[in-house]
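Here is the structure we will look at.
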There are 2 protein chains.
Amino acid sequence: MDMRRLVGRNVRRIRLEKGLTQEAFAERSGFSQQYLSDLERGRRNPTVVTLFELATALGVSHVALVEPDGEDARVTPLRRGGQRKESADKALARNAGGASKATMS
Amino acid sequence: MDMRRLVGRNVRRIRLEKGLTQEAFAERSGFSQQYLSDLERGRRNPTVVTLFELATALGVSHVALVEPDGEDARVTPLRRGGQRKESADKALARNAGGASKATMS
DNA sequence: TGAGTTTATCTTCTATAGTGTGTAAATGCT
DNA sequence: AGCATTTACACACTATAGAAGATAAACTCA
């Protein structure tokens with residue numbers, strides 16, 4: 001279980017679902033775009049406080065950022081009615097459907 | 001939402017439920033007893049990797065360590081002025097009910 | 001083809017996570 | 001009383017989280 005990559009995937013997925021660019025997310029979260037890039041690629045090991053601030057900026061619970069996502073959800077061999085998410089990260093990159101072109105111009 | 005304290009409470013509660021001392025938990029987790037003491041008292045800001053290692057050593061999911069526990073869990077719109085729950089932690093130290101004396105030496 | 005937008009990568013820097021050692025404060029046991 | 005166990009607290013130290021800046025790579029669309 002690679003926590004860095006798990007958090008990275010969750011952050012990227014949720015960010016894209018919200019239709020935010022890394023830059024727009026950076027502005028509203030206070031983290032730099034560079035840091036978010038590293039984070040989403042699993043190169044960073046955020047603290048629980050950082051986790052909470054990221055989740056708050058994304059409008060989700062901090063728990064959502066550490067929840068297994070199917071890519072490497074090992075510890076639970078049996079799942080009963082859980083969520084099945086097998087879509088690729090890239091697939092989400094298309095467009096979240098909502099706001100594109102995050103503010104600013 | 002004080003993530004440091006939330007994680008601290010969860011770790012302490014689960015550790016005591018398992019009937020482990022900080023020292024016994026330190027041995028099986030690889031963290032020092034001093035660090036665990038700080039952690040449980042909300043003085044530390046662990047990374048997600050640390051969170052996972054702690055959870056693994058406790059035999060629970062890493063999600064359990066960040067799950068709201070009622071103390072400051074829900075986004076209680078009601079007044080959140082009082083966190084005078086100081087002695088409550090000690091109350092747990094009495095005995096977790098199950099295994100006592102963590103299979104030492 | 002080139003400009004604009006978005007993300008990845010590099011370097012330098014400060015703050016702090018986590019280690020190691022020691023010890024004090026409690027609590028418990030006989 | 002004493003001794004053992006458990007937890008709290010201090011200090012110095014190394015590794016890294018996260019900030020700040022600039023820029024390269026990549027994709028989008030005129």
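Source: prediction; values computed, not measured. Protein chains get the first letters and strands the later ones, always in sequence-line order, with residue 1 at the start of each.
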| note | Taken to the nearest whole Å, CD/Glu40(B) to P/dT7(D) is 8 Å

| Full working for salt bridge (charged side-chain N to carboxylate O under 4.0 Å, His left out) between Arg9(B) and Glu40(B) | CA-CA 6 Å; Arg9(B) 284 194 303 275; Glu40(B) 293 186 358; over 6 Å; no

| task | Could you tell me which residues satisfy side-chain hydrogen bond (donor to acceptor under 3.5 Å, both in side chains) with Arg41(A), sequence neighbours excluded, listed by chain and number? | result | Ser37(A), Asp38(A)

| said: I'd like to know if the side chain of Arg15(B) reaches the main chain of Leu20(B), judged simply by a donor and an acceptor atom lying under 3.5 Å from each other, with no hydrogens or angles considered. | reply: yes

| query | Which whole-number value in Å describes the distance from Gln22(B) CD to dA25(C) C1'? | reply | 13 Å

| field | Pairwise distance CZ(Arg13(A)) to CG(Leu65(A)) - rounded to 0.5 angstrom | value | 8.5 Å

| request: List the protein contact pattern of nucleotides 13-21 of chain D with one symbol per nucleotide (5' to 3'): B for base contact, S for sugar-phosphate-only contact, - for none; contact means a heavy-atom distance under 4.0 Å. | output: ----BBS-B

| Less than 4.5 Å apart, any side-chain heavy atom of Ser29(A) and any of Tyr35(A)? | no

| task | Using whole Å, report how far CG of Asp38(A) lies from P of dT23(D). | result | 18 Å

| query | For Gln33(B) and dA8(D), what is the distance between atoms CD and P respectively, to the nearest whole Å? | reply | 8 Å

| note | Distance col, row Glu67(B):CD vs His62(B):NE2, nearest 0.5 angstrom, shows 10.0 Å

| task | Among dC9(D), dT6(D), dA8(C), find the nucleotide with the atom closest to the side chain of Thr21(B). | result | dT6(D)

| request: Please test Met3(B) against Leu6(B) for side-chain contact (heavy atoms from CB on, under 4.5 Å), starting from the C-alpha separation and ending with a verdict. | output: CA-CA 5 Å; Met3(B) 289 298 288; Leu6(B) 172 60; 4.1 Å; yes

| Gap between atoms CG and P, on Leu36(B) and dG20(C) respectively (whole Å) | 12 Å

| said: One pair to check against side-chain contact (heavy atoms from CB on, under 4.5 Å): Val48(A) and Val48(B). What are the steps and the verdict? | reply: CA-CA 6 Å; Val48(A) 294; Val48(B) 293; 5.5 Å; no

| task | Check side-chain contact (heavy atoms from CB on, under 4.5 Å) between Glu23(A) and all other residues, then give those that pass, not counting sequence neighbours. | result | Thr21(A), Glu27(A), Gln33(A)

Can you give each donor-acceptor pair under 3.5 Å made by side-chain atoms of residues 50-57 of chain A, sequence neighbours left out, with the distance rounded to 0.1 Å?
from, atom 1, to, atom 2, distance (Å)
Thr50(A), OG1, Thr47(A), OG1, 3.2
Thr56(A), OG1, Phe52(A), O, 2.8

| Through what angle, rounded to 10 degrees, does the axis of the helix from dT1(C)-dA30(D) to dT30(C)-dA1(D) turn between its ends, using five pairs per end? | 40°

| request: Using whole Å, report how far CZ of Phe25(B) lies from C1' of dT7(D). | output: 15 Å

| remark: In whole angstroms, the gap separating C1' of dT7(C) from CD of Glu23(A) amounts to 10 Å

| task | Apply side-chain contact (heavy atoms from CB on, under 4.5 Å) to Arg43(B) and Leu39(B), showing your working. | result | CA-CA 6 Å; Arg43(B) 304 296 186 99; Leu39(B) 184 80; over 6 Å; no

| message | I need the CG-C1' distance between Leu16(A) and dT5(C), as an integer number of Å. | response | 15 Å

| said: Walk along nucleotides 25-30 of chain D from 5' to 3' and tag each nucleotide B, S or - by protein heavy-atom contact under 4.0 Å, base first, then sugar-phosphate. | reply: ------

